[in-house]
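Just below is one structure, and these are the notes that go with it.
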Amino acid sequence: MEIDKAIRECDDKRLKTKYNNAIYVIQRALALYSIEEVAFSFNGGKDSTVLLHLLRAGYVLHKERQCCSNGDLVDHESIFPIRTIYFESASAFPEINSFTYGTATTYNLQLDIIRTDFKSGLEALLKAKPIRAIFLGVRIGDPTAVGQEQFTPSSPGWPPFMRVNPILDWSYRDVWAFLLTCKISYCTLYDQGYTSIGSIYDTVPNSLLSVSNPSGTAEQFRPAYLLSDGRLERAGRAKKISPSASGQVSNGLDSHQHSGMLSASVIAVGDEILSGTIEDEIGPALRRKLYSLGWAVSCGTVVKNDTDSVADEVERHKCASDMVFLYGGVGPLHSDVTLAGVAKAFGVRLAPDEEFEEHLRHLIGDHCTGDRKEMAHLPEGITELLHHDKLIVPLIKCRNVIVLAATNVTELDKEWDCLIELTRSNGLLGSVEPFVAKHLATKLSDAETAQPLSKLCFEFPDIYVGCHRKSRYGPLIITLKGKEYHRVELAAEALCSKFKPGAFSELNRVSP
Ligand SMILES: Cc1cc2nc3c(=O)[nH]c(=O)nc-3n(C[C@H](O)[C@H](O)[C@H](O)COP(=O)(O)O)c2cc1C
Ligand SMILES: Nc1ncnc2c1ncn2[C@@H]1O[C@H](COP(=O)(O)OP(=O)(O)OP(=O)(O)O)[C@@H](O)[C@H]1O
Ligand SMILES: [Mg+2]
């Protein structure tokens, strides 16, 4: 097999290791699933081109193993038997389409062309075929790789299949070393300065490969394999980050501050909290702290220790709230996926951070090497470490998301105090007017109070009117909350004037 031979004969040790590991993953998959149960997701890009040739080599090696044990001869000329799927889109580059179709002909690929979106296309495919595992050319630097392993089940909400990522740990340099060493032909766009290819609408040649040209001639680009820093392979891809998340505002706050109202979301990560095995004390304490600062807390949720669940929740709140607080799921354990979820929500990868690792060494000690290193991976390009003398490990801030390491209220108090001190200088937790509130208790029935309370909401749109009971037959407690004391007083008077004198009693005086 020409690929296997080229690698064995080359003297690039790193490439040999990467190749062997990828072949191992492919062979594991081919041992676990029958050939009808696997598929290869091919799109003519450089990563999937690498994967195609690894699969060709891996399949032959797998067959050789099988035939050896049966005493049969291997038929090297047989067609590539792994079902190949291509999601063709109207916005694909014509060069990508022609390369994909040309390659399918050259290597006798059984190409299934799907013209719907990924999810519904896969749903239909899995209904029609017995596919259980799909090979993908996803690499650790891709935004979609966050939280993935070499074998990762499809995400919740997707049809069920195993994602098999044989080149997950390959770098940009490894990809090009493989393509060039094995003299594999690739899509012509890579010779014109394209380094990662999406759609015609979001992809241009990588400006880092631009060659200075005499005026008047079209801009020229060097080939993709000459890009020296592979971390910049996506520099030619338009970023799909929402405007508020990509804003330059370093403290992460948006225009709500001008209206005097800032809102925060508080997200706990923990299966044990969800199942009720442990009681969440941090969430209520944190929400009280935010409230006492004058922040509106728009949500307090609990999610599973699962990268996609964290990512979905952060994604939902990072634009809707001025600040998002996360706690739980931070550490070296398998269930500590909070930072991976944050990275995924922002479409960046987790990358090693030496500075953070140094802090962890103080905290955990040198004996915990492997996991400590894992823990020192932070969302790349969006992480700021907030240092304070009193904290052994700095707080982690990713744009407007703050990840707290606290595991109990005492630790939260300490982290919070440090955060407040730090924010005095940079305005991170933007100072807003604190809330003032009045609590009125009444024995009136819900039917008697319902309409006047609705009317009060219209009359005082700046005042929050809340109701709760401590027991079904106990008094109804009405909370009037706002930013201006005299408006809260006026709302209370207006409410009392709608009923007989003495219908309400004040529970306590104005509280912050
Ligand atoms: C075969 C296949 C399986 C996929 N499985 C998942 C999945 O389980 N979960 C997920 O969030 N995205 C999945 N995706 C979508 C990719 O993560 C990613 O969104 C896609 O490659 C598009 O990238 P783009 O938006 O940069 O074009 C899958 C895509 C393909 C082709
Ligand atoms: N339209 C598609 N059809 C089939 N598979 C796809 C499609 N888009 C993405 N994939 C799968 O997802 C993988 C990752 O896509 P990605 O765009 O990161 O890599 P690539 O296209 O192979 O290379 P490049 O980064 O240069 O664009 C692909 O290798 C392929 O397995
Ligand atoms: Mg691509």
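Counting starts at 1 for both ligands and their atoms, following the listed order. Note that this is a predicted model, so its numbers are computed, not measured.
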message: Below 2.8 Å, can you find an N, O or S atom of I197 next to the Mg ion (ligand 3)?
response: yes
field: Side chain, backbone, both or neither: T49 near ligand 2, heavy atoms under 4.0 Å
entry: neither
task: Determine whether the side chain, the backbone, both or neither of L122 has a heavy atom under 4.0 Å from any heavy atom of ligand 1.
output: side chain
- prompt: Only one of K16, R14, K46, K13 forms a salt bridge (Lys or Arg N to Asp or Glu O under 4.0 Å) with D174, so which one is it?
  reply: R14
task: Ignoring angles and geometry beyond distance, decide whether R234 reaches within less than 3.5 Å of ligand 1 through its nitrogen or oxygen atoms.
output: no
F178 six-ring face occupied by K18 cation (under 6.0 Å, within 45°): no
Shortest reach to atom 1 (N) of ligand 2 by a heavy atom, considering only F87, Y190, Y186: F87
- line: In ligand 1, the atoms that come under 4.0 Å of a heavy atom of R163 are 5 (N), 6 (C), 7 (C), 8 (O), 9 (N)
query: Side chain or backbone of D308 under 4.0 Å from ligand 1, or both, or neither, by non-hydrogen atoms?
result: neither
field: ligand 2 N/O within reach of I197 N/O, cut-off under 3.5 Å
entry: yes
task: Would you please determine whether F118 falls within less than 4.0 Å of ligand 2 on a heavy-atom basis?
output: yes
- prompt: Which of the listed options, T144, T152, I131, I197, holds the heavy atom that is closest to atom 17 (O) of ligand 1?
  reply: T144
message: Test of understanding: given a 4.0 Å heavy-atom threshold, classify the contact between L136 and ligand 2 as side chain, backbone, both, or neither.
response: both
- prompt: What do we get for F42 next to ligand 2 when only non-hydrogen atoms under 4.0 Å count, side chain, backbone, both or neither?
  reply: backbone
- line: Note: heavy atom closest to atom 4 (C) of ligand 1, options W158, Y86, F135, F87, belongs to W158
task: Please find out if less than 6.0 Å separates the ring center of W176 from that of Y190.
output: yes
task: Could you tell me which non-hydrogen atom of G328 sits nearest to which non-hydrogen atom of T338, and how far apart they are?
output: O-OG1, 2.6 Å
message: Give the atom numbers and elements of ligand 1 that come within less than 4.0 Å of a heavy atom of S154.
response: 8 (O)
- line: ligand 2 to G45, heavy atom cutoff 4.0 Å, flagged ligand atoms 20 (P), 21 (O), 22 (O), 23 (O)
task: Report, in ascending order of atom number, the atoms of ligand 1 lying under 4.0 Å from any heavy atom of S41.
output: 1 (C), 31 (C)
- prompt: Going by distance only, is there an N or O of S196 that falls short of 3.5 Å from an N or O of ligand 2?
  reply: yes
field: Protein heavy-atom partner closest to atom 10 (N) of ligand 2 - residue, atom, separation in Å
entry: N43 ND2, 3.9 Å
query: Between S41, S48, S199, which one has a non-hydrogen atom sitting closest to atom 6 (C) of ligand 2?
result: S41
